[in-house]
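The structure appears right after this line, and notes come after that.
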Amino acid sequence: MSLPFRTFVRNFSTSGLKKNAIKNVTIIGGGLMGAGIAQVAASTGHSVVMVDQNTDILNKSKANIEKSLQRVVKKKYAEDPKAGEAFLSQVLGNLALETDAATSVKKADLVIEAIVENLKIKQELFKNLDMAAPASTIFASNTSSIPIKEIAVATERADRFGGLHYFNPVPMMKLLEVIRIPQTSDETFDKLLAFGKAMGKVTVNCKDTPGFIVNRLLVPYMMEAVRMVERGEATPKDVDTAMKLGAGYPMGPFELTDYVGLDTCKFIIDGWHEKYPDHPLFAPSPLLNKYVAEGKLGNKVGEGFYKSKK
Ligand SMILES: CCCCCCCC(=O)CC(=O)SCCNC(=O)CCNC(=O)[C@H](O)C(C)(C)COP(=O)(O)OP(=O)(O)OC[C@H]1O[C@@H](n2cnc3c(N)ncnc32)[C@H](O)[C@@H]1OP(=O)(O)O
Ligand SMILES: NC(=O)C1=CN([C@@H]2O[C@H](COP(=O)(O)OP(=O)(O)OC[C@H]3O[C@@H](n4cnc5c(N)ncnc54)[C@H](O)[C@@H]3O)[C@@H](O)[C@H]2O)C=CC1
């Protein structure tokens, strides 16, 4: 049963957050993940600044957030549309857009990075943010596959650095992997865990190992599915049907690859292959490379292994 709106606001409004809790959050990257993280952080009473490279991208991200919020509101406030509207405007009121990353972190308690899966670009960003953000600001990356410690070296605040790995779609997926590196202080780690819980997520503690928990298992599984098709042993459709009806997965591996983005999958597997060239489970895939080269990046562009609505 949904909470009456006033109770919801009391529980989740910024003033309702615990003393010393993270309140002001900057999300860098307003793509698939950044928009989802921004939506849920704003929905749970945090004051959010979402950053991307230009206003066109930011406006698209905001439109996606509104679409997703409408779906949430339709369900949660089915019997009280007025309260639903009030919730929607409260959440959007918690969300600001910004193109200048340095300006965006001035008041941040926490910065979550969700930009392209590329070590050099992430390091460059964090190096600049380190100079712009207050000393107390905690930094976190939502990387799927890059070691957190390799990103953190770009800063002078490894003790205030960790990983927050969300799952797609962020509004629906309950899990949050919270990653610490050896330098992460207990205070930082506790704040990250508390923030995850304040966002309504179930947290698991992870070490900084390749793919943390979920992706260390999920990436080899998804790549094995692609290799099965490359060998001509099954079609994508049959693999998906088999894994949904035979193993109980909500999406088959090809549907999920389209959902995640083929470019992101390629960044992940290429990165691991470069690091572990002899590991057969991390070998690159000619089929995946071909789709990416053709611009078939998945649902976000309307076509990947399948054609989809954009
Ligand atoms: C090779 C390397 C690869 C590496 C990949 C690494 C990537 C990472 O680092 C980590 C990841 O995130 S991995 C991806 C993890 N995510 C999954 O596995 C998602 C699997 N799919 C699902 O759980 C459901 O299909 C799902 C929940 C998505 C949708 O549910 P359904 O299947 O039941 O379908 P719908 O009928 O569309 O949805 C049912 C209701 O759910 C709500 N909803 C869904 N999407 C939403 C969204 N984006 N925002 C808000 N609400 C949403 C909604 O209530 C919907 O009902 P309607 O609104 O009436 O349609
Ligand atoms: N797609 C997925 O299912 C998941 C992805 N991740 C990780 O999250 C991160 C983002 O992935 P997606 O959201 O899927 O990518 P995406 O391609 O949808 O979005 C990335 C966004 O970052 C922006 N961007 C790039 N460089 C920037 C910069 N220097 N400053 C500001 N904005 C910048 C881009 O314009 C784009 O809007 C990656 O590290 C990825 O590995 C983590 C969990 C799941």
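Because the structure is predicted, anything quoted here is derived from the model rather than measured. Computed over heavy atoms, backbone and side chain alike; hydrogens, waters and symmetry mates excluded. Just follow the structure's listing: the first ligand is 1, and inside any ligand the first atom is 1.
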Distance from [atom] to nearest protein heavy atom, with residue and atom:
atom                    : answer
atom 42 (C) of ligand 2 : Ser144 OG, 3.2 Å
atom 23 (O) of ligand 1 : Pro250 CG, 3.7 Å
atom 8 (C) of ligand 1  : Asn215 ND2, 3.5 Å
atom 60 (O) of ligand 1 : Arg71 NH2, 3.2 Å
atom 57 (P) of ligand 1 : Lys75 NZ, 3.6 Å
atom 11 (C) of ligand 1 : Phe167 CD2, 3.5 Å

Before signing off on this row, confirm whether [X] and ligand 2 have an N or O atom pair separated by under 3.5 Å.
X      : value
Met33  : yes
Glu113 : no
Glu117 : yes
Val51  : no
Asp52  : yes
Lys122 : yes
Leu32  : yes

What part of [X], side chain from CB on, backbone N/CA/C/O, both or neither, has a heavy atom under 4.0 Å from ligand 1?
X      : result
Val226 : neither
Leu218 : side chain
Ser68  : both
Asn168 : both
Leu256 : side chain

Quick one: which of Gly36, Ala35, Gly261, Pro169 has a heavy atom closest to atom 28 (C) of ligand 1?
->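 Ranked by closest heavy atom to atom 28 (C) of ligand 1, first place is Pro169.
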Out of Ala114, Gly31, Ala101, Gly36, whose heavy atom is nearest to atom 19 (O) of ligand 2?
-> Gly31
Does the side chain of Glu117 pick up a donor-acceptor pair with the side chain of Thr143 at under 3.5 Å?
-> yes
Will you find, in the side chains of Thr203 and Lys197, an N or O donor that is under 3.5 Å from an N or O acceptor?
->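 Side chains of Thr203 and Lys197: pair found under 3.5 Å.
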Check whether any protein heavy atom sits under 4.0 Å from [atom].
atom                    : result
atom 37 (O) of ligand 1 : yes
atom 45 (N) of ligand 1 : yes
atom 26 (C) of ligand 1 : no

Report yes or no: does a heavy atom of Glu124 sit under 4.0 Å from some atom of ligand 2?
->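 Glu124 does not count as a contact of ligand 2 under the 4.0 Å cut-off.
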Show the numbers, then the answer: is there a salt bridge (charged side-chain N to carboxylate O under 4.0 Å, His left out) between Lys300 and Asp263?
-> CA-CA 11 Å; Lys300 61 183 159 190; Asp263 48 347; 3.0 Å; yes
Does ligand 1 have any atom that is closer than 4.0 Å to a heavy atom of His165?
->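 Within the 4.0 Å threshold, so yes.
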Could you see which bit of Lys300 sits under 4.0 Å from ligand 2, with heavy atoms only: side chain, backbone, both or neither?
-> side chain
State the atoms of ligand 2, each with its element, that fall below the 4.0 Å cut-off from a heavy-atom position in Ile57.
-> 35 (O), 37 (O)
Does Glu177 come within less than 4.0 Å of Lys207, counting only side-chain N to carboxylate O?
-> no
